[in-house]
Amino acid sequence: MTSTTILKRRLAGLALAASFILGAGPSPAQENVSQTARAASSAALADAGAGSLKSVADFDPIADETERSIAIFEETGKVLQDPRCVNCHPRGDSPLQGDEMALHEPPVVRGAANFGAPGMMCNTCHGAENVEIVAQTEDIQSIPGNPNWHLAPIEMAWEGKTLGEICEQIKDENRNGGKTLAELVEHMAKDDLVGWGWNPGEGREPVPGTQEQFGQLYEAWVATGAHCPAA
């Protein structure tokens, strides 16, 4: 038996056990949150177009610097409001999954440090890299993975928020983990967990563009004053 087969069987067993340990399913309140998120994602998916991002140069014709800054940030919203990102930025205590942004199955909670509850930490099922699942189910073709897999802090919940609200959160050092604008650019352009959005594994559509393009847009947004769309 190969190590991959062992891992797949272990993950399946853990998922089944968790469904018994943690409860039968989401509460009505959680389901309402998820429905709100689904509605918010519809516009983001429509805006994503053919899966591309405009370049910084595409915004040069906008003479007013404030307007150009806002337009650049709105372009980054194609990534920020994509399910790949919002699923890990929920406003509740459970992650979301899939393009429909349904509550995570098996049921899990964020825990005190956003890495899950004792006995069911995120890395119980999510390893250091994506793991392809073969001949199990059409709905799940791979299990996401990253060495730092975890939920974003509740202060950075984007689910159900407007792009203007997300923008204000992102540049607020009291909510973004104390990051300066320069550190924020580095985070968006280089962070490996952010980069997972462009490499989400089999069965998932990546966020638009590339992480390099995304980082360039953030750098240009900061350089033009880091202005936000109206909330």
Side-chain angles (χ1 to χ4, degrees), residues 37 40-91 95-96 101 113-114 146-200 205-231:
S41 74
S42 297
L45 286 172
D47 286 344
S52 62
L53 287 175
K54 293 180 181 179
S55 70
V56 173
D58 288 329
F59 297 92
D60 288 347
I62 303 177
D64 184 89
E65 188 173 74
T66 298
E67 291 182 5
R68 186 163 70 253
S69 183
I70 292 171
I72 290 170
F73 190 85
E74 288 175 338
E75 185 68 11
T76 73
K78 292 180 180 180
V79 173
L80 299 176
Q81 292 185 300
D82 188 278
R84 296 292 81 75
C85 293
V86 177
N87 284 349
C88 289
H89 285 259
R91 64 183 182 185
L96 308 173
M101 298 201 294
N114 302 304
N146 183 276
N148 197 31
W149 193 265
H150 68 283
L151 280 181
I154 194 68
E155 294 83 3
M156 288 300 292
W158 298 347
E159 181 192 358
K161 300 288 183 68
T162 67
L163 191 57
E165 290 170 329
I166 293 172
C167 179
E168 295 293 349
Q169 282 177 288
I170 283 175
K171 67 179 188 177
D172 182 353
E173 292 186 27
N174 292 321
R175 291 185 283 177
N176 72 9
K179 291 183 177 63
T180 64
L181 289 175
E183 290 170 334
L184 187 62
V185 171
E186 179 73 11
H187 173 70
M188 297 298 190
K190 302 294 184 181
D191 186 272
D192 187 53
L193 185 55
V194 173
W196 176 88
W198 288 273
N199 180 37
E205 290 294 324
V207 294
T210 67
Q211 189 172 18
E212 181 180 8
Q213 291 174 315
F214 189 59
Q216 290 169 351
L217 288 168
Y218 261 89
E219 186 174 14
W221 172 64
V222 170
T224 52
H227 295 284
C228 292

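Position 1 is the first residue of the sequence; numbering continues from there.
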Residues in side-chain hydrogen bond (donor to acceptor under 3.5 Å, both in side chains) with Asn114, at least two apart? Arg110
Using the side chain to side chain contact (heavy atoms under 4.5 Å, CB included) criterion, which residues pair with Pro147? Sequence neighbours excluded. Ala128, Asp192
Among all residues two or more places apart in sequence or in another chain, which pass the ring-ring contact (aromatic ring centres under 6.0 Å, His included) test with His227? none
Restricting to side chain to side chain contact (heavy atoms under 4.5 Å, CB included), what partner residues turn up for Ala71, sequence neighbours left out? Phe59, Ile62
Could you work out, with side chain to side chain contact (heavy atoms under 4.5 Å, CB included) as the rule, every residue matching Pro200, not counting sequence neighbours? Arg84, Trp196, Arg204, Pro206
Among pairs that include at least one residue of residues 216-226, which meet side chain to side chain donor-acceptor pair (under 3.5 Å), considering only residues two or more places apart or in two chains? Ser69-Thr224
With sequence neighbours excluded, residues passing ring-ring contact (aromatic ring centres under 6.0 Å, His included) with His187: none
Rounded to the nearest 0.5 Å, what's the gap from CZ on Phe73 to CG on Leu163? Could you check? 5.0 Å
Show me the pairs that pass salt bridge (Lys or Arg N to Asp or Glu O under 4.0 Å) and involve residues 165-183, at least two apart or across chains. Asp172-Arg175
Using only atom types and a distance under 3.5 Å, with no angle test, would you say the side chain of Trp158 pairs donor to acceptor with the backbone of Leu80? no
Answer whether the closest heavy-atom distance between the side chains of Leu184 and Val222 falls below 4.5 Å. no
Test of understanding: with salt bridge (Lys or Arg N to Asp or Glu O under 4.0 Å), list the residues that count as partners of Asp191, not counting sequence neighbours. none
Report the residues that fulfil side-chain hydrogen bond (donor to acceptor under 3.5 Å, both in side chains) with Asp58, sequence neighbours left out, ordered by chain and then residue number. Ser55
By disulfide bond (SG atoms under 2.5 Å apart), which residues pair with Cys228, not counting sequence neighbours? Cys167
By side chain to side chain contact (heavy atoms under 4.5 Å, CB included) - contacts of Asp60 (at least two apart): Ala57
